[in-house]
Amino acid sequence: MVEWLYNLRDYYVEHKIDLNTLRNYLAHLSAVVAHQKPEMFKDISDLLSILGCNIELRVKSSVKERGISEEELAEMLKNLSVVFGAKPSETVRASIKVLKNGKPYKNARVEATIIYPSEEKVRKQTIMLTADEQGTATMPVPKFSILRLSVDGHTEEVVIANRNVEVELRVEKKSIIRKLLKPVAIGAMIAALIALALALLH
């Protein structure tokens with residue numbers, strides 16, 4: 001998500017997109033962010049406000065409750081893929097690390113469902129993965145898609161961008177916690193974007 005924002009900033013500064021296009025893609029990105037991180041949605045909506053655009057989205061714990069369907073989310077990702085020039089056939093590598101009680105979950109069975117837009121409709125593809133002795137499994141995933149992972153009956157989703165991704169799944173006390181590796185200082189990045197927006201508007 002952070003990398004997408006930086007790319008949009010660069011496209012705007014380099015005059016590859018205009019202000020209205022920037023607002024449009026930020027609006028799409030805010031909806032994608034709200035799917036997983038409601039607190040980031042507020043940061044991006046604040047940035048949009050600085051750029052003279054207000055956006056509202058009802059954010060709840062599940063996509064179904066909020067009224068955003070898989071089809072709508074996939075369409076948002078499809079729109080974002082256009083500005084980043086991603087082709088439908090392009091993939092990235094997803095490395096999945098499964099831990100159980102803090103230890104590698106060797107031979108874990110992972111059900112992976114890929115949700116991605118096609119020419120006519122949203123498609124789903126499900127495959128079964130088996131983790132190795134270190135609890136690791138890898139797979140190719142289309143750029144700008146949704147990856148749903150299920151382990152021992154627990155399900156978690158990851159929004160895929162245009163770079164390889166490492167995902168850590170922790171199965172503990174009948175719950176699963178996902179943590180993307182190498183976290184970025186979100187607050188610092190948002191502050192930098194807001195400063196840039198102010199500078200460009202003056």
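Just so you know, residue 1 is the first one in the sequence shown, and it goes up from there. Heavy atoms only: backbone and side chains are in, while hydrogens, waters and symmetry mates are out.
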| Quick one: CG on Leu149 to CD on Glu157, what's the gap to the nearest 0.5 Å? |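 Those atoms lie 9.0 Å apart.
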Minimum heavy-atom separation for [X] and [Y], please, with both atom names.
| X | Y | answer |
| --- | --- | --- |
| Arg93 | Asn164 | N-OD1, 2.8 Å |
| Leu129 | Ile127 | CD2-CD1, 3.8 Å |
| Pro104 | Gly135 | CB-N, 4.1 Å |

| message | For Lys124, give me all partners under side-chain hydrogen bond (donor to acceptor under 3.5 Å, both in side chains), at least two apart in sequence or on another chain. | response |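 For Lys124, the residues satisfying side-chain hydrogen bond (donor to acceptor under 3.5 Å, both in side chains) (neighbours in sequence not counted) are Glu70.
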| message | Tell me every residue that passes side-chain hydrogen bond (donor to acceptor under 3.5 Å, both in side chains) with Glu14, counting only those two or more places apart in sequence or in another chain. | response |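 Checked Glu14 against side-chain hydrogen bond (donor to acceptor under 3.5 Å, both in side chains); matches are Lys16.
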| message | Could you see if Leu147 belongs to whatever hydrophobic cluster contains Leu99? Use Ile, Leu, Val, Met, Phe, Trp, Tyr and a side-chain cutoff under 4.5 Å. | response |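 No: no chain of side-chain contacts under 4.5 Å links Leu147 to Leu99.
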| field | Same cluster (ILVMFWY, side-chain, under 4.5 Å), Ile146 and Met128 | value |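 Different hydrophobic clusters.
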Distance-only check: which donor-acceptor pairs under 3.5 Å involve side-chain atoms of residues 106-116, not counting sequence neighbours?
from: Arg109; atom 1: NH1; to: Thr130; atom 2: OG1; distance (Å): 2.6
from: Thr113; atom 1: OG1; to: Thr126; atom 2: OG1; distance (Å): 2.9

| request: Would you please name every residue forming a side chain to side chain contact (heavy atoms under 4.5 Å, CB included) with Pro140, sequence neighbours left out? | output: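 For Pro140 the side chain to side chain contact (heavy atoms under 4.5 Å, CB included) partners, ignoring immediate neighbours, are Thr91.
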| field | Pairing residues for Asp18 by the side chain to side chain contact (heavy atoms under 4.5 Å, CB included) criterion, not counting sequence neighbours | value |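 Asn20, Thr21.
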| message | Applying salt bridge (charged side-chain N to carboxylate O under 4.0 Å, His left out), can you list everything that pairs with Lys143, at least two apart in sequence or on another chain? | response |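 Here the qualifying residues are Glu90.
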